[in-house]
Number of protein chains: 2
Amino acid sequence: MPPEAYYSIHPKFHSAVDCIIFGFDEGELSLLLLQRNFEPAKGQWSLMGGFVQEGESLDDAARRVVEELTGLDDLYMRQVHTYGDLGRDPGERVLSTAYYALVDIKKYDRQLVKAHNAHWVKLPDTPHLIFDHDRMVKDALRFMRYQATVKPVGINLLPEEFTLTQLQALYEAILGEPIDKRNFRKRIAAMDYIEKTGGIDKTLSRKGAALYRFNRDKYDGNFKI
Amino acid sequence: MPPEAYYSIHPKFHSAVDCIIFGFDEGELSLLLLQRNFEPAKGQWSLMGGFVQEGESLDDAARRVVEELTGLDDLYMRQVHTYGDLGRDPGERVLSTAYYALVDIKKYDRQLVKAHNAHWVKLPDTPHLIFDHDRMVKDALRFMRYQATVKPVGINLLPEEFTLTQLQALYEAILGEPIDKRNFRKRIAAMDYIEKTGGIDKTLSRKGAALYRFNRDKYDGNFKI
DNA sequence: CCGAAAAGTGTTGTATTTACACTTTATAAT
DNA sequence: ATTATAAAGTGTAAATACAACACTTTTCGG
């Protein structure tokens with residue numbers, strides 16, 4: 001067998017990425033979903049996705065796809081799983097790798113989102129999605145939840161500076177259960193990498209709440225995010 | 001755009017699977033590795049891998065590849081990650097999905113393994129592997145370790161019936177640290193799905209050790225493996 | 001100056017985890 | 001028969017982590 005035949009006797013496939021884009025708003029997790037104004041499956045709901053191109057890595061493809069929709073290029077993203085069943089895309093055979101992304105919901109590019117006919121949907125209100133996208137969301141959510149219990153990834157869903165009340169609401173949304181306020185604050189206080197900025201947020205209460213930020217250097221000192 | 005063009009304007013890629021095959025022997029985790037007697041990278045060490053074919057799912061491809069080497073077709077396998085960097089295979093562009101498999105090291109097909117020039121290598125003695133296979137092993141090990149702390153997947157590395165001493169040695173190998181015997185047995189005793197068979201193993205001690213088995217029904221009753 | 005509404009603050013009991021060492025048993029050797 | 005051997009098997013107490021719980025403070029608007 002000549003060396004190049006080693007590869008060429010095998011089939012090739014379309015490779016796609018599909019992105020589960022999480023946001024946090026009004027105390028609930030949200031997903032950025034497309035109501036497809038294009039074929040295939042026009043009119044139905046789906047994740048934002050795209051095909052991997054020559055000259056771009058799988059991770060790069062996922063970043064590109066998310067940036068096309070949100071305009072944001074430095075999001076926290078993680079690969080979830082690759083879906084390779086035969087009939088998963090009824091059009092042609094496509095292997096698709098799911099990534100989740102965490103977005104500060106105040107920051108995305110509204111023009112782009114509108115142009116794609118995309119909408120933020122609160123997680124419990126998620127409509128049925130095309131292909132195996134429902135399963136992708138389920139898997140991504142489970143993975144993101146697990147990661148959030150292990151490392152403070154959730155912070156990527158909040159603005160730079162945040163109050164402890166916001167942070168608690170976020171974790172309640174991620175874990176899907178109420179958290180005791182005093183126990184929560186005790187736990188946060190023990191994390192030296194979540195530090196007071198000195199600022200006070202008065203938009204939500206007369207008294208005002210102390211603002212905190214995530215100190216990446218102090219965290220990386222402990223172990224890798 | 002005609003509907004078929006939606007797909008055809010995008011490139012296709014070779015898709016492969018690479019399998020991290022774990023065994024347990026003499027108190028240590030082992031890997032089943034190929035010393036390649038074929039191109040490319042002949043003479044070097046690698047994981048067992050293969051290309052995804054038309055008409056088989058990604059999971060099926062992984063099962064086929066492991067069966068080709070071991071003769072075993074009902075192994076515990078899990079997808080780990082998909083590697084899609086540009087230069088990862090220096091020959092052509094290949095996207096590869098890693099799976100780990102757990103093998104009862106007494107059971108594999110020695111003929112097949114010999115024919116592939118494969119060898120069981122104790123984990124600490126793992127040689128340098130081609131391409132990004134070192135990283136795959138690292139990622140698979142981390143994932144398998146995590147899973148083993150959450151559900152009793154490790155049992156797939158032991159024979160049907162096993163002693164508590166074996167089980168403890170297995171978990172010490174997986175976690176890489178010694179475990180207190182009494183605390184370990186207390187924990188196991190609380191798991192009703194690990195049950196005495198009534199048999200006694202006398203190969204390892206004069207006194208003989210009680211044999212146990214994993215009761216899948218009782219376990220699934222609690223939650224999914 | 002009073003009401004409202006969110007921010008902030010400690011203690012105690014319960015459950016879980018860890019540390020720790022000797023006895024039992026069957027066989028092989030003498 | 002006796003003894004030496006080597007692994008199997010067994011319980012308790014201390015330490016730590018986790019969970020439950022309610023009132024006070026602060027500021028501003030009315």
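All values reported here derive from a predicted model rather than from experimental measurement. Lettering follows sequence order; numbering is per chain, from 1.
Counting non-hydrogen atoms under 4.0 angstrom, A/Leu204 reaches the backbone sugars and phosphates but no base. B/Thr163 comes within contact range of no nucleotide atom at all, as no heavy-atom separation falls under 4.0 Å. B/Lys202 comes within contact range of the sugar-phosphate backbone alone, with a heavy-atom separation under 4.0 Å but no base atom that close.
Judged by distance alone, with hydrogens and angles left aside, A/Lys207 brings a side-chain donor or acceptor within reach of the base of C/dA7, the pair sitting under 3.5 Å.
Here B/Asp85 does not pair with B/Arg88 in a salt bridge; the nearest charged N to carboxylate O distance is not below 4.0 Å.
Side chains of B/Arg213 and B/Thr197: no donor on one and acceptor on the other come within 3.5 Å.
Taking a heavy-atom distance under 4.0 Å as the criterion, the stretch of DNA chain D touched by chain B extends 5' to 3' from D/dT5 to D/dT12.
Counting to the nearest Å, the C1' atom of C/dA6 and the CD1 atom of A/Ile200 are 14 Å from each other. We find that CG of A/Asp201 is positioned 18 Å from P of C/dA5, with the value rounded to whole Å. Between the C1' atom of C/dA7 and the CG atom of A/Leu167 lies a distance of 15 Å, rounded to the nearest Å. Atom NZ in B/Lys181 sits roughly 15 Å away from atom C1' in C/dA19 (whole-Å rounding). At whole-Å resolution of the value, NZ in B/Lys186 and P in C/dC20 are 13 Å apart. Rounded to an integer number of Å, the gap from A/Asp180 CG to C/dT11 P is 16 Å.
Taking for each of A/Arg206 and A/Arg187 the nucleotide of DNA chain D with the nearest heavy atom, the 5'-most of the two is the partner of A/Arg187. In terms of position along DNA chain C, the nucleotide closest to A/Thr165 lies nearer the 5' end than the nucleotide closest to the other residue of the pair B/Gly208 and A/Thr165.
The B/Asn183 side chain lies nearest to C/dT18 when the options are C/dA7, C/dT18, C/dT27.
A/Leu102 CG to A/Gln147 CD: the interatomic distance, rounded to the nearest 0.5 Å, is 9.0 Å.
Looking at B/Arg145, its side chain does come within 3.5 Å of a backbone N or O of B/Ile174 through a donor-acceptor pair.
Heavy atoms of other residues, nucleotides or ligands lying less than 6.0 angstrom from CD of A/Glu195 number more than 12.
Under the 6.0 Å cut-off for aromatic ring centres, A/Tyr146 and B/Tyr146 qualify, their centroids lying closer than that.
For the pairing with B/Ser96, the side chain to side chain donor-acceptor pair (under 3.5 Å) check across B/Asp18, B/Thr82, B/Asp132 returns one residue only, B/Asp18.
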